[in-house]
Amino acid sequence: MNTQINRLPVPTWNRTGVNWLDQKALPPDREYLQGRHLPYDGILPDGITLMDHLPADVAEIKSGMGEWLDEFIRNGADKTCYLLGNGIASEPVIIIQNLDLTHPVIRTHYAIKAKPGSNLTVVQINRGDAKDGVIENLTQIDAQADSFVRLISVQLLGKNSQSFDAVGARIGKGAKVELIRAVFGGKTAACGSMAHLEGQGGGYQQDTAYFTDEDQIFDFNDIASHIGRETVSEMHTAGVLSGHSSKILRGTIDFKAGSAHSVGHENETVLLLSPSARNRTVPLILCGEEAVEGQHAATLGRFDEKQLYYLCSRGLSLMEAKRMLVEARFMPVLNKITQDDLRQEILTIIERRLDEHEISS
């Protein structure tokens, strides 16, 4: 089994350093206790129930981080949460995990099985910090015909910890899956998603926001695999880089044979606040079918002086204008976070990091 994490589906030159997760961001070399697979014991809303065991067909769904990490989390999970959507959920399921000195390692395995026509939202919030702390999540989604699943993942760890977030989704006929990610914390953060668009007319929407500073290392590997006819994927990422941080984004749209009349769009916009920050973006389109539409784009730049001048001429301070432009980049993510306190917590982090950047520059 290949043990490389976040591997680019078709490798490029090794000297570019983008084919897989950088060695500096690998999981710590430490002894892991045997996972207890403790089941979720929270209250679930109407329309969602807890499954007693992991269905075999769900266990087979691959994430974008690679089989080795998927198996490592699945077999060694400290906690499990196997959800069954069998109707229209009355409210989101909110699951909060906190790293601390007594719980420096958390491995959680989530599974979401959405029955035909069901509709549910799951919010995962990861906070806290611990010396050499690590949090590893695997979420496997089976969205059956005409169902809708929204997964919101918010990572707000401290700077002593590492995070690994793997997501795999199998999307059936007419089903829709949304992955909403806000990644701000951790000394390193690695995310890998794979959407398997198997059913005709299935759809996948991914919106990601990230903000790095100091020496943070972020790494993303996102794949939309178009298998069925007339499937649609939209993957959009917006980020801000400051300090001496670095980030790699691999965004792949893969049109398999038989995925005729499918559409895939992928783009990233990056705001660079520091000349010492390093950005690498690797957009990739693989095409095994002729009648498809695939587009990818990436833009990198600094604050637009004309926009800042216009906003300041309307009475805003320079810091207020910058904050407004950054928040506007993140709105596709922030608008889908319905918890006001959580959204405000993210906005406070953005404001603090912009203030720190202004002081240091």
Item to check | Within 6.0 angstrom of K176 NZ, more than 12 heavy atoms from elsewhere | outcome: yes
Next on the checklist: Please check this pair: side chain of D129 against backbone of S161, looking for a donor-acceptor N/O pair closer than 3.5 Å.
Outcome noted: yes
Checklist entry - Do D165 and Q155 have side-chain atoms, one donor and one acceptor, less than 3.5 Å apart? => result no
Next on the checklist: Main chain of A111, side chain of Q140: is a donor-acceptor contact present, judged purely on distance under 3.5 Å?
Outcome noted: no
Checklist entry - Between Y309 and Q307, do the side chains contain an N or O donor and an N or O acceptor separated by less than 3.5 Å? => result no
Checklist entry - What residue among V167, V154, T139 forms side chain to side chain contact (heavy atoms under 4.5 Å, CB included) with Q124? => result T139
Checklist entry - Heavy-atom distance under 4.5 Å between the side chains of T108 and Y40, does that happen here? => result no
Item to check | S242 and D213 side chains, donor-acceptor separation under 3.5 Å | outcome: no
Next on the checklist: Side chains of Q205 and E234 only: does a donor on one sit below 3.5 Å from an acceptor on the other?
Outcome noted: no
Checklist entry - How is the hydrophobic cluster of L300 composed, in terms of its other members, when Ile, Leu, Val, Met, Phe, Trp and Tyr link through side-chain heavy atoms under 4.5 Å apart, directly or indirectly? => result V183, Y210, F218, F220, L241, L249, V270, L272
Next on the checklist: With heavy-atom distances below 4.5 Å as the criterion, would you say the side chains of I350 and I346 are in contact?
Outcome noted: yes
Item to check | Under-4.0 Å salt bridge between E178 and K336 | outcome: yes
Checklist entry - Ion pair present between D215 and K159, side-chain N to carboxylate O less than 4.0 angstrom? => result no
Checklist entry - Does any non-hydrogen side-chain atom of D132 lie less than 4.5 Å from one of K187? => result yes
Checklist entry - Taking atom types as modelled and ignoring hydrogens, do the side chains of N137 and Q97 form a donor-acceptor contact shorter than 3.5 angstrom? => result yes
Item to check | Pair D207-H236, side-chain donor/acceptor within less than 3.5 Å | outcome: no
Next on the checklist: For the residue pair R181 / T208, report whether a side-chain donor-acceptor contact shorter than 3.5 Å exists.
Outcome noted: yes
Next on the checklist: Side chains of D100 and T102: any donor to acceptor distance under 3.5 Å?
Outcome noted: yes
Checklist entry - If only atom types and distance count, is the side chain of R353 paired as donor or acceptor with the main-chain N or O of F184 below 3.5 Å? => result yes
Checklist entry - Who else is in the cluster with I106 when I, L, V, M, F, W and Y are joined by side-chain contacts under 4.5 Å? => result L99, I135, L157
Checklist entry - Between the side chain of E351 and the main-chain N/O of T348, is any donor-acceptor distance below 3.5 Å? => result no
Checklist entry - Is there a path of hydrophobic side-chain contacts, each under 4.5 Å between heavy atoms of I, L, V, M, F, W or Y residues, that connects M324 with V240? => result yes
Checklist entry - Run the ring pair (Phe, Tyr, Trp, His ring centres under 6.0 Å) check on F72 and Y32 step by step: do they pass? => result CA-CA 11 Å; F72 177 76; Y32 289 86; 5.2 Å; yes
Item to check | Side-chain donor-acceptor contact under 3.5 Å, N279 with T281 | outcome: yes
Next on the checklist: Is a donor from one side chain sitting under 3.5 angstrom from an acceptor on the other, for N14 and N19?
Outcome noted: yes
Checklist entry - With no hydrogens and no angle check, do the side chains of S63 and D70 hold a donor and an acceptor under 3.5 Å apart? => result yes
Checklist entry - Is the shortest distance from a Lys or Arg side-chain nitrogen in R343 or D340 to a carboxylate oxygen in the other one below 4.0 Å? => result yes
Next on the checklist: Under the ring-ring contact (aromatic ring centres under 6.0 Å, His included) definition, can you give me all pairs with a residue in residues 255-296, not counting sequence neighbours?
Outcome noted: H226-F255
Next on the checklist: Name the residue from R250, R280, K247 that meets the salt bridge (Lys or Arg N to Asp or Glu O under 4.0 Å) definition with D219.
Outcome noted: R250
Checklist entry - Is there a chain of hydrophobic side chains (I, L, V, M, F, W, Y, each step under 4.5 Å between heavy atoms) that links I73 to I112? => result no
